[in-house]
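Side-chain atoms are counted along with the backbone in the values below, which use heavy atoms only and exclude waters and symmetry mates. Throughout, a chain's letter reflects where its sequence line sits, starting with A, and its residues are numbered from 1.
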Amino acid sequence: MIEILVSFLLFSGGVFTLLAGVGLVRMPDLYMRMQTTTKATTLGVGCLALAVAVGVGGAGAWVRAVAIIVFLYVTAPVAAHAIARAAYFVGTGRWKGTVIDQMQGRYDEKTHELRGAGPGGA
Amino acid sequence: MKLILTLPLVIPLATAALCLLAWRFRSVQRMLGIAGAFALLAAGAALLHAVLRDGVVATQAGGWPAPFGITLVADLFSAVMVLVTGLIAAPVAVYSSANVDKRRESFGYHPLFHVLLLGVCGSFLTGDVFNLYVWFEVMLIASFVLIALGGERGQIEGALKYVTLNLMASAVFLAAAGLLYRTAGTLNMADLAVRLRTQTEPGLAGALAMLFLVAFGTKAAIFPLFFWLPASYHTPPVAVSALFAGLLTKVGVYALIRVFTLIFVHDTPFTHNLILALSGLTMITGVLGAMVQNDFRRILSFHIISQIGYMIMGLALFTPVAVAASVFYIVHHIIVKTNLFLISGITERLGGSHALKRLGGFYDSRPVLGLLFLVPALSLAGIPPLSGFFAKLSLVRAGLQVGSYAIVAAALAVSLLTLFSMAKIWAEVFWKPAPEGREQAAAPPGAARGMAALWLPVVALALLTLYLGLFPEHFYRVCERAAGQLLEPAAYIEAVLGARR
Amino acid sequence: MRSIILSTTAKLLGPLLLACSVLVLLRGHDAPGGGFVGGLLAAAGLTLRAISEGVPAARRAVRIEPHLLLGAGLAAALSSGLPALFAGQPFLTGRWLRVTAPLAGEIKLSTVLLFDVGVYMVVLGTVLLMVFTFSEE
Amino acid sequence: MTALMAVVVGALYAGAIYMMTRRSMVKLIIGLALLSHAANVLIFTAAGLKRGAAPLVPPGGALPAETTADPLPQALILTAIVISFSVLAFALALLHRTFKVSAAEDIDQIRSTEQ
Amino acid sequence: MNLAAAVMSGFAVAFLAPVVHRAARAYSGWLLALFPAGLTLYLAGLAPAVWRGEALIAAHEWAPSMGLSLSFRLDGLSLLFSLMITGTGAVVLAYAGGYLAGHPRLGRFYTSLVFFMASMLGLVLADNLILLFIFWELTSISSYLLIGFDSEREKARQSALQALLVTGGGGLALLAGVVLMAQAGGSFEISGLAGAAALIQSHALYLPIASLILIGAFTKSAQVPFHFWLPAAMEAPAPVSAYLHAATMVKAGVYLLARLSPVLGGTDFWYVTVTTAGAATMLSGAVMAYHKSDLKQLLAYSTVSVLGILTFLAGLGTGYAAAAMAVLLVAHCLYKGALFLTAGTVDHETGTRDIERLGGLRRAMPLTAAAAALAAVSMAGLPPLFGFVSKEMLYEAGLRAPLHAAALTAVLVVTAMLLFAVAGAAGFRPFYGGSPSTPRHPHEGPPSLWLGPLLLAGGGLLLGLAPALMENAVRYAVLAAAPGQPVPLKLSLFHGLNTALLLSAASVLGGLVLYGARARLIRFGPARALGRWGPARGYEAALAGLNRFAAAQTRVLQSGHLRYYLLTVVGTAVALTGFALIRGGALPRQPVFGDVRWHEVSLVVVILASILTAVRTESRLTAVVALGVVGVGIAALFALFGAPDLAMTQVAVETLTVILLVLVLYHLPDFSKFTPRVGRQRDAIVAIAAGSLMTGLVLAAAAAPHSTGVAAYYLENSYPLAQGRNVVNVILTDFRALDTLGEITVAAVAGIGVFALLRLRPPGDKP
Amino acid sequence: MNIAADGLAAKSAGIVLVMLAVAMLLAVVRLVKGPSLPDRVVALDLVITVSVGIMAAYALMVGDVAIMDVGIVVALVAFLGTVAFAGYLERGGRR
Amino acid sequence: MNVVIALPAMLAFFLWELVLANLKMARDVLMPLGRLRPAVVAVPLDLKTDWQITLLSILITLTPGTLSLDVSTDRKVLFIHAMHVTDAEEFRRQIKSGFERRVRRLAP
Ligand code: NA
Ligand code: NA
């Protein structure tokens, strides 16, 4: 039973991670690529870590699995945020299919401040 | 034994650590630096004394038996080298106090100096190939920083080449050490000696020998691997140049001698004849390089290369007389070359330049300095009865004994060109009248500061040169015994591996 | 980089990395890790701080000058080898003291641990020195 | 697998040397970084590759599992990693200064000490 | 006092000389002259013992391991030379005190001169070959310092260097020859080799040994074609020319020939080479002397000529020749010393040395003129001076030469004629006839300037009148130089009406004719051509050529281009290692793939692709990213192959590296392509060759038999003995803690280095 | 509780490892293709994350959780590299 | 509301969203790209503390087709990239009633 659960977790992790790879190659612009990788890997690695915890068992395995998941869930979005922000500054292009961009033109090129209010704002 | 083998490492490391802790206190660092250097000298003397008395000594760091831990071991060659390190460190430390400016002192000159000594002593004392790599790196990184410390353009540009080429050599060394471990299953040099001697098929060992030759050859600045040296040695403050000139390449030579007497002796007709050819080319290209230089320190730098050729000539001939001659030559060279660099610092201080054409007139204004220059300069050229003569004589005898006439001819011809170079410096710096307008530049502000600290080391080293020349027998005997231990390493192996065998 | 998200996360991750670093250091003798990785983790925590809040803030957080860390680390590592020397054993021979402490259970105090602490301090000091210096260019 | 790893070693060395022999300053750095990887992977591979068990003594036992990797090369590589990182960091600072003092990005222009 | 002390005291006095000079000032020359005078008396006191046939020996250990002993031996030959050295030394020192009075470097001049004297004395007294060589070199060095005494003049510096290089080069040949000879003969003691002559002469290396030693002797004694340094050495002050370059040092080569001819001589090679060199030198020297009008040049070439004669005599190897040599040595020392000193005085007083511009000086300086006249007469070989005795014996020796006696004698006669004319030009011409105006107004100098020349020239007269005084000295010199040969003659002015006397008369006549026709003959003499195309030009051309070659070589090797350096180092490594690898046959025929897992293959591909990206990209940041992927890929491999510690460290370090790279790259230039295509291809070939080599090495290592190494020990003892479960960490902190200690030192220094490099800038540098 | 080294889970882990490695390869495709630097950094980010997954799957396969420790360190520090790149780009550093 | 209740509630909601998101993502990755409607939407924030804002942005990044890009310097607006936006206003409402509400409850 546990073997099956572990295998299921493993395959889920593998598939999601693989999808992240596919998405990274396939998606047409940076932001969409980030969408796929961030999401898929968090669940991918999450499943894999859980698989270890369940499969190997014991406090050591569980602590490690949880640690990996927590750390990854905290750090991955931060990294994504940092990259996305930077991409805006260097003007990385958006896919032509992007329907709305309410962040356009809100960054101050000098101070790097991001205006909250103003044209197009909420 | 334990203490006496450890002190040459503990003293410089402790000095460096204390200097770091006293980061903000320059004068404290300076005093620590000088005290540490003299302590190292004392430790070196004690070590040599112990080795002369007891034969090869060894201790296992961490208390783990060889070949599992790291062995510190000193045969006569190692002990002599450690002592010479102290003999150079102490005068240069004193000299530094007047030659190295406050800015450099504030940015770690003293700890770096002692880390360099640590790397040098570690290299001389370790009995482990990988540990040798580590000490090489310790020495190198300290030298990297020392050569660039101050940030002047020449320093930085010289350092770029120095660093890159030495890193390449380190990479080769590291790869060779790793492959050697795979081949022999051990890193302990004595153990390696045993294992490789009993190995029936040389196979990979020959290739590894070449890797070591390239790695150590680069550090030793032999032909055609020496480029980093003339590109950089003349750029840092004189005290640093002097320390480098004395010690750094010699660690490479030491390593060459160590591995090509202890470990890679399975194919001497090939390896040692190759080294012989390289030694000749090193002598010649080095001395020719010196011929065309017009800067005090650059002439000296090229001569380092040339003389490295002599040192490995003894190794290549591979007879007791030859190896003894190599050891003698190394020690002679370290003392003399350091001193010449130190003297170049004094003439620079007084004349404001290292360029020969901007110097001159010191024969009249500083006759004693002239005499002090002649002692190491003539010694370098092998003029009797100075230390260099006996070094040269022994090599010539060794070469003629085994009928290596070509190398002897090269050695003699090169010594004539060395004399030419020294005469050139003498004529330009001392004989030639001071160039126009030097009078004003002659006494830059603060030139008088700490002149005693510049002179005393020079006098001390000159006396040492005279001593080795006028009374060479005692030291030559030591070299002979050292050569005996190198060529017949049973005692070394026994001391390291002990009763295990 | 001025970012609310980054700096807030850094406030969480910084101490976490420091705690992990100590853990890695102490467990290093028995599990993957040790003084070196420990030092790197601690340095990573402070580097994160330097990136998110600037070097001055990170410097304030360290309190000690990196140079002193280097000196102290080297001194610690070196001095871990000396007791053996005084006891007539070879340099760096390990000497052990077992202490049972509440919570942590049995702790092995040893010169080897002192050595690893020295490694930790040196690595932390040197990485901080590098990161700070490069950042302040 | 050893053969494949040997290819990696060769590629690392070749890449490192090619990059180090460029005249562009920054390429030199990349080359140096590759070089340190090269040596590490070489030692690791040459020492013999063993899948799985790390050289750890399991809790309760006194000996590691039967077939663990050789711990010594690992220790050597660890030391080498630290050293090469340190040296690389220094080289970075040096290149930075070189560019500042000589304002040349072409290493061929950097010859003031040899003229 | 023994011989060693006598020699060594000279060195002590040399370094005391400046002190003495400072104390005694005007009298320093006289005071210092007392020292060699005392030595002369001491040596003269030993003469009776020597003439009883005893060899006085003083042997001390110096460096026995290297064949060097401080052993001195006084026999007839040494005695003759050492008396010349000390006696002339006293005269010259006294003269120098006057000649260089008030010169700021006089103190150091004394040092060099006395140092030379001690060295020269050591040279002729040494019994040990290495010891002899040591003194030989010391005379070269002191000669160098003395020639360059007027160092403000570039000519003086160059001449000094020239002399140093020529004699120094010869010295090195001598060293090689001496060592070989000692190895062949089994002893470094000359006295010990005496019995080994047959052994050495039949040795396979006899020819090289003899040639090398002859080169040494010929350079020192200015034999053609090595003679050119001697005229150039006339840059030195007169006392130096008189002492070193006439009376003593240049005779060292002759001494060596005489000293070693019992060991090496007697062979055809020796006979032909030495006599030919001597004959060529005496003739060409005399011709060139005849053509000179500079007083010192003329004397210098005549010295060359006489050195040729001496060499010639040494080569003949007969008792007659040895005796003639001994007599000529003394005669030449006396008259040439005197002539150089008077030439110096003339120069000193008038400001010129050009004999065309000199004349009638005997009125202003009668004592000097007298000395010059006496010396010139001796040089011309006229009775009743010692020079006449010498010439008679010379002809006698020539007539009795074992081979080609007639031809050789003819050469001697021609030389004598030329020297007769030269003697006239040097000793009479400036002092007689009209008095052209000179730069300075001449008058007789202080006693120090005329007493010495007068003493030397008077010595020639005394010995000419009573040649028997020299009989013992000559006999025992001959015994040493030509042992076993008959010493048939008694020294006297008149031997009866024989061939030698007729030849003498003929040469006087010929000499008179040449003297008279000098003005006309020198205009189309061959000497001009010799001066233009002679070996001096060869020396200069060789030096210039060597310089050019050195410059070219250094330009090629030390090009300043880092990448060529790297390529050379890598190329050397590849060539040597590759050769050894193939030679050792360690390469496996087939690579061992073993079992491979797909994920591992993927990782390998990831790494390879990233390396390629890093190398090929034109964006430096892309390269850094690719580098990061390489690092992570390697870390993953570490983790897969049982090295979690490694993987962990690798990732942490990799991250840090990326951070540092990114921080620094901000300030650095972009990637650029500077190298043209061909260069890139060349570099790629070298790089790929190096990579292939490393691959090959790994494969070879993998194929090699796995020796049971030390690994098991760590695994077994990590927990039981070192109390750690992480074996890798235990190795790092315990088994091999010393490595780690060094490693953290590296790390610490790197940190300081980064800090210092970026923060410490030269003053005036903008931040 | 523990899983057998040759059990179903271990076999699955073997297959999953290949999937993960392929994901990594795909990331490298993006690394090579770019086109912008942020794209490449995202690729690096994915490589790092996938490597954590590989370590987890491998830990399961060989039943050695020590390898997970590596994953923890990766998860903790590797994002710093990405942040550093971002900072570089924000400061206007050249590609 | 009490943190003791809020935290598990939020975690449960988050996990559910996470799984959902990933399934959607799987579809997005594999289906033709033309179906996607990516957009960057400015969402005004009612959250006060940095911790809340950060937590919200992390949760948003971790879940369905949304990615927090940045927070305005005055902390009043969160910019979110989303894969399927037909109506920006609708999207804002979803975010505010979904995660923001829960985060606000967690730490008022
Ligand atoms: Na370490
Ligand atoms: Na230990």
Top contributor to chain E interface from D:A80, D:G61, D:A33 [non-hydrogen pairs under 4.5 Å]: D:G61
For chain E, which of D:A75, D:A69, D:G31 has the most heavy-atom pairs under 4.5 Å? D:A75
Heavy-atom side-chain proximity of E:V604 to D:V7 below 4.5 angstrom: no
Side chain, backbone, both or neither: which part of E:L757 has a heavy atom under 4.5 Å from chain D? both
Under 4.5 Å from any heavy atom of chain D - which part of E:I634: side chain
Residue E:V728 versus chain D: region with a heavy atom under 4.5 Å: both
side-chain contact (heavy atoms from CB on, under 4.5 Å) test vs D:S86 passes for just one of E:T745, E:V754, E:V746, E:I744, namely E:V746
Does D:Q74 reach the main-chain N or O of E:G642 with its side chain, forming a donor-acceptor pair under 3.5 Å? yes
Determine which pairs satisfy side-chain hydrogen bond (donor to acceptor under 3.5 Å, both in side chains) with at least one residue from residues 46-63 of chain D, sequence neighbours left out, and list them in order. D:R51-E:D595, D:R51-E:E600
I'd like to know which of D:G15, D:A11, D:A46, D:P64 tops the heavy-atom pair count under 4.5 Å against chain E. D:P64
With a cut-off of 3.5 Å and sequence neighbours excluded, list every side-chain donor-acceptor pair involving residues 691-703 of chain E.
residue : atom : partner : partner atom : Å
E:S692  : OG   : E:I688  : O            : 2.6
E:T695  : OG1  : D:A6    : O            : 3.0
E:T695  : OG1  : D:G10   : N            : 3.4
E:T695  : OG1  : E:G691  : O            : 3.0

Residues, nucleotides or ligands: over 12 heavy atoms within 6.0 Å of E:R616 CZ: no
I want to check something: taking the side chain as every heavy atom from C-beta on, are D:V57 and E:V727 in contact at a cut-off of under 4.5 Å? yes
Side chain, backbone, both or neither: which part of E:R680 has a heavy atom under 4.5 Å from chain D? both
Which value, rounded to the nearest 0.5 Å, describes the distance between E:L646 atom CG and D:N40 atom CG? 8.0 Å
Given that the side chain runs from C-beta out, which part of E:V710 has a heavy atom under 4.5 Å from chain D: side chain, backbone, both or neither? side chain
Using non-hydrogen atoms only, which part of E:Y714 is less than 4.5 Å away from chain D: side chain, backbone, both, or neither? side chain
Could you tell me whether the side chain of E:L637 reaches within less than 4.5 Å of the side chain of D:M5, counting heavy atoms only? yes
Does D:R111 use its side chain to pair, donor to acceptor, with the backbone of E:S559 at less than 3.5 Å? yes
What's the separation between atom CG in E:L562 and atom CD in D:E114, rounded to the nearest 0.5 Å? 9.0 Å
Supply the atom-to-atom distance D:F85 CZ to E:E654 CD, rounded to the nearest 0.5 angstrom. 10.0 Å
Honestly, the part of E:L608 sitting under 4.5 Å from a heavy atom of chain D is side chain
Between E:V601, E:L661, E:D739, which has the largest tally of heavy atom pairs under 4.5 Å with chain D? E:L661
Short side-chain to backbone donor-acceptor contact, E:R725 and D:P58, under 3.5 Å: yes
Can you say whether E:Y564 sits under 4.5 Å from chain D via the side chain, the backbone, both, or neither, judging by heavy atoms? neither
Quick check on E:L715 against chain D: is it the side chain, the backbone, both or neither that has a heavy atom closer than 4.5 Å? both
Tell me, side chain or backbone of D:L94 under 4.5 Å from chain E's heavy atoms, or both, or neither? both
Below 4.5 Å, heavy-atom pairs only: which of E:L640, E:L603, E:V730 has the largest tally toward chain D? E:L640
Distance check, rounded to the nearest 0.5 Å: D:L12 atom CG versus E:I607 atom CD1? 7.5 Å
Rounded at 0.5 Å granularity, tell me how far CG in D:L76 sits from CD1 in E:I731. 7.5 Å
Do D:V82 and E:V653 make a side-chain contact, defined as non-hydrogen atoms from C-beta onward lying under 4.5 Å apart? no
Quick one, E:R761 and D:R97 - any side-chain contact, counting heavy atoms below 4.5 Å? yes
A side-chain contact here means heavy atoms from C-beta on lying under 4.5 Å apart; do D:I107 and E:R563 qualify? no
With chain E, which of D:I29, D:I77, D:T45, D:L34 has the greatest number of heavy-atom pairs at distances under 4.5 Å? D:I77
Should D:M1 and E:R597 count as side-chain neighbours, where that means a heavy-atom distance under 4.5 Å? no
I'd like to check E:I752 versus D:F90 (side-chain heavy atoms, cut-off strictly below 4.5 Å). Are they in contact? no
Tell me, out of D:V9, D:D70, D:I30, who's got the most heavy-atom pairs with chain E below 4.5 Å. D:I30
